[in-house]
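Each ligand, and each atom within it, is numbered from 1 in the order the structure gives.
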Amino acid sequence: MTFHSMWAELLPVGRSSASGGYRRFAWTGADLDCRAWFRQQAEARGLTYEADRNGNQWAWLGDPARGDAVVTGSHLDSVPDGGAFDGPLGVVSSFAALDELRGRGAELTRPLGIVNFGDEEGARFGLACVGSRLTAGQLTVEDAHRLTDGDGTTLPRAMEAAGYDPDAIGPDPERLARIGAFVELHVEQGRALDLSGDRVGIASAIWPHGRWRFDFRGEANHAGTTRLADRRDPMLSYAETVLAARREAELAGAVATFGKIAVEPNGVNAIPSLVRGWLDSRAPEQHTLDTVIGGIEKAARAYAQEHGVDLAVVRESFTPVVEFDHALRDELARILGTDADLKVPVLGTGAGHDAGILSGSIPTAMLFVRNPTGVSHSPAESATEDDCVAGVLALADVLEGLACT
Ligand code: GLV
Ligand code: MN
Ligand code: MN
């Protein structure tokens, strides 16, 4: 099993010495280092390596042109100051599971692929799962070309700088048509497995979720000389909206988070002219999410009016509810259910994944590995070595069950 050495090799890549968290943003040097690592792992195993038109990386054992391929993998990019496991655990476990299969002398009857999807977190350009969305035709080329990072660099320029051709991006239905099943292993981003005492679980569904941008525009003015009564301060309406989001989410049994903000002119002694806040909200059902967003927007408009501030709300992305393929899920449960030491609970999640995007095109499934604290999108994200190894073995069992019979 090569899990430990692979894990140790990848661990320092893109880690901030200040925070201990990861800053592996799409098409930056850290991302390219991760991509070089992926390619090296593929080639060291004699797999056929390719980067597709959208910058996703693939490593193949057997010829995918035969069709009905079984694919596993995840992503290597991170959120700002993310943890080590969200994404990389799935990719490293995929290579380790392949090594395990080879060690068992398993004979493949279907092509087997390992994938690293590009820009899953959307940390740089604001939209999550860009690589899989493009491939599945859920993001138009025009919209992708318009994506711009916080420094004003567009996605095409960022891809170009990294040596990829941005004019080649677009839907890839032929590639997806060759895949019979995609299984993504991921660290759990909650405590369900910790509470149930299980190492590994199977995903049932992903909550509908989206990102909304709230632009509060007021008037810049002097922080020392402008009477309170004369101000049009967008920070006030923004702050009240943050509290409204919490209230609406609590009432509905949903979640709502303002986790990113941009302020102009961003001076300590200036009343802001603009406060731009990004809202991430998720709920078990679509109608609940609609109610939450409607409630937050209504409150934001009232607060904006109260403070003489203009408000524009833009939905930047949305992913509907995902129900993972029942037949594939049952197949995973059957395969893993034969292992008496491994109970496999089935759980839903509020986190988004490439497997969710692809589920509209091909049968997909997910395995979760226990996270003892449930913390994720933070340097404190964790999983024990024993649980990671249990995940690798579970994935190897699944791949053997799907691709070797
Ligand atoms: C990705 O991890 C997301 O759920 O935002
Ligand atoms: Mn994530
Ligand atoms: Mn992830």
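Restricting D86 to its N, O or S atoms, the one at the least distance from the Mn ion (ligand 2) is OD2. Within E121, OE2 is the N, O or S atom that lies nearest to the Mn ion (ligand 2). No other N/O/S atom of H377 lies as close to the Mn ion (ligand 2) as NE2 does.
For an aromatic pair to be called close, the ring centres must be under 6.0 Å apart, and Y238 with Y303 fails this.
A salt bridge links R39 with E43: at least one charged nitrogen is closer than 4.0 Å to a carboxylate oxygen. A salt bridge links R213 and D215; the closest N-O separation between the charged side-chain nitrogens and carboxylate oxygens is under 4.0 Å. R370 and D194 are not joined by a salt bridge, as no carboxylate oxygen comes within less than 4.0 angstrom of a charged side-chain nitrogen. For E297 and R301, the salt-bridge test passes: some basic side-chain N is under 4.0 Å from an acidic carboxylate O. Under a 4.0 Å N-O distance rule, the pair R24/D31 does not qualify as a salt bridge.
R282 NH2, 2.8 Å is the protein heavy atom nearest to atom 5 (O) of ligand 1.
Listed by first and then second residue, the side-chain hydrogen bond (donor to acceptor under 3.5 Å, both in side chains) pairs that reach into residues 163-173 are D172-R175, sequence neighbours excluded.
Ligand 1 has no N or O atom lying under 3.5 Å from any N or O atom of Q189, backbone or side chain.
Contact analysis leaves H353 out of contact with ligand 1, as no non-hydrogen atom separation drops below 4.0 angstrom.
Counting atoms of ligand 1 from 1 in the listed order, those under 4.0 Å from a heavy atom of G352 are 1 (C), 2 (O), 3 (C), 4 (O). Using a 4.0 Å cut-off to heavy atoms of A351, the atoms of ligand 1 that qualify are 4 (O). For ligand 1, the atoms lying closer than 4.0 Å to a non-hydrogen atom of E121 are 1 (C), 2 (O).
Backbone or side-chain N, O or S atoms of H353 do not reach the Mn ion (ligand 3) at under 2.8 Å.
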